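The next block holds one structure in the form of structure tokens; read it before the comments.
In this chain, residues are counted from 1 in sequence order. Being a predicted model, the structure only gives us computed values, none of them experimental.
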Amino acid sequence: QVQLVESGGGLVQAGDSLRLSCTASGRTSSTDAMAWFRQAPGKERESVAAISRSSGSISYGKSMKGRFTISRDNAKNTVYLQMNSLRPEDTAVYYCAARLSMGVSLNPQLYTYWGQGTQVTVSS
């Protein structure tokens, strides 16, 4: 089993930045890719970004690249999401997920472990 704990969410104003963190514990060696997804009230879940532990490959969801940057510290079993120039439409619960299989993917169905989520609210 792998446990994921997100942190770093909060209430910010439009144009501000936030950095989310997700720390994994347990059988972390069994996982490869970690990813961020988000879901706003009444909307479908969106893929934000994913990064591979083994290769360092990165993939971003539609319209995410540019303002959002994903990175990871394998020694700390932590993945980060740096979010800049935040907009009200970025308001959502942001979830961290980990995948057992190798390779980066933005398909949430391929991720086995999920965190509880952290709320990000951007006011205008």
Side-chain angles (χ1 to χ4, degrees):
Q1 285 286 76
V2 175
Q3 295 77 41
L4 303 174
V5 178
E6 302 101 332
S7 62
L11 172 63
V12 297
Q13 293 187 333
D16 286 350
S17 297
L18 271 179
R19 189 177 80 156
L20 306 182
S21 300
C22 173
T23 299
S25 60
R27 295 187 64 184
T28 57
S29 59
S30 65
T31 62
D32 182 46
M34 293 181 71
W36 288 97
F37 299 88
R38 70 183 186 184
Q39 188 162 22
K43 295 189 177 181
E44 291 187 356
R45 181 168 45 191
E46 282 188 283
S47 302
V48 178
I51 185 168
S52 166
R53 169 203 294 269
S54 56
S55 69
S57 296
I58 290 173
S59 184
Y60 288 97
K62 283 185 179 180
S63 74
M64 302 299 174
K65 192 173 183 179
R67 295 188 301 120
F68 293 1
T69 303
I70 191 171
S71 62
R72 68 186 297 165
D73 184 335
N74 288 340
K76 296 181 179 179
N77 292 315
T78 298
V79 64
Y80 304 97
L81 184 68
Q82 178 67 41
M83 306 186 293
N84 298 327
S85 302
L86 284 163
R87 305 166 181 167
E89 52 264 39
D90 294 319
T91 295
V93 178
Y94 284 71
Y95 296 94
C96 174
R99 184 184 181 198
L100 289 172
S101 301
M102 299 286 286
V104 171
S105 173
L106 292 174
N107 183 349
Q109 295 184 349
L110 297 180
Y111 286 80
T112 304
Y113 302 106
W114 290 79
Q116 293 298 309
T118 185
Q119 176 71 47
V120 172
T121 304
V122 185
S123 64
S124 58

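- Residues Val48 and Arg38 have side chains in contact (heavy-atom distance under 4.5 Å, counting atoms from C-beta outward).
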Do Val93 and Gln39 pass the side chain to side chain contact (heavy atoms under 4.5 Å, CB included) test, and can you show the C-alpha distance, the side-chain angles, and the key distance before you say yes or no? CA-CA 5 Å; Val93 178; Gln39 188 162 22; 5.5 Å; no

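- Val122 and Tyr94 fall within a single hydrophobic cluster, where Ile, Leu, Val, Met, Phe, Trp and Tyr side chains are chained together by heavy-atom contacts under 4.5 Å.
- Considering CG of Leu110 and CG of Leu100, their distance stands at 10.5 Å, rounded to 0.5 Å.
- Residues Pro88 and Ser123 fail the side-chain proximity criterion, which asks for heavy atoms closer than 4.5 Å.
- One hydrophobic cluster, built from ILVMFWY side chains closer than 4.5 Å, cannot hold both Tyr80 and Tyr60; they sit in different ones.
- Ile58 and Val79 fall within a single hydrophobic cluster, where Ile, Leu, Val, Met, Phe, Trp and Tyr side chains are chained together by heavy-atom contacts under 4.5 Å.
- Note that the NZ atom of Lys65 and the NZ atom of Lys62 stand 15.5 Å from one another [nearest 0.5 Å].
- With a 6.0 Å radius and a threshold of 12 heavy atoms from other residues, nucleotides or ligands, Gln119 has its CD atom above the threshold.
- Residue Thr118 is tested with Leu20, Val5, Leu18 for a side-chain contact (heavy atoms from CB on, under 4.5 Å); the sole match is Leu20.
- Two residues are said to be in side-chain contact when any heavy atoms from C-beta on lie closer than 4.5 Å; Asp90 and Phe68 meet this criterion.
- Counting only heavy atoms from C-beta outward, the side chains of Met83 and Ser17 never approach each other to under 4.5 Å.
- The aromatic rings of Tyr111 and Phe37 lie perpendicular to each other, with more than 60° between the two planes, well past the 30° mark.
- Rounding to the nearest 0.5 Å places OG of Ser52 at 9.5 Å from CZ of Arg99.
- The CZ atom of Arg19 lies 7.0 Å from the OG atom of Ser71; values are rounded to the nearest 0.5 Å.
- Thr78 and Asp73 are not linked by any side-chain donor-acceptor pair at a separation below 3.5 angstrom, with hydrogens and angles left out of the test.
- Taking every heavy atom of both residues into account, Ala50 and Ser105 meet most closely at CB-O, 3.4 Å.
- Between Arg45 atom CZ and Gln109 atom CD the span is 8.0 Å, to the nearest 0.5 Å.
- In this structure, the side chains of Asn77 and Arg53 come closer than 4.5 Å at one or more pairs of heavy atoms.
- Cys96 places none of its side-chain heavy atoms less than 4.5 Å from the side chain of Trp114.
- Note that CE of Met34 and CG of Leu81 are 11.5 Å apart. Values are rounded to the nearest 0.5 Å.
- Side-chain atoms of Arg72 and Ile70, non-hydrogen and from C-beta on, never get closer than 4.5 Å to each other.
- Within a 6.0 Å radius of CZ in Arg27, other residues, nucleotides and ligands contribute 12 heavy atoms or fewer.
- The side chain to side chain contact (heavy atoms under 4.5 Å, CB included) search around Ser59 returns Val104, Leu106, not counting sequence neighbours.
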Steps toward side chain to side chain contact (heavy atoms under 4.5 Å, CB included) verdict (Gln1, Tyr113): CA-CA 8 Å; Gln1 285 286 76; Tyr113 302 106; 3.3 Å; yes

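- Residues Glu6 and Tyr95 are in side-chain contact: their nearest non-hydrogen atoms beyond the backbone lie under 4.5 Å apart.
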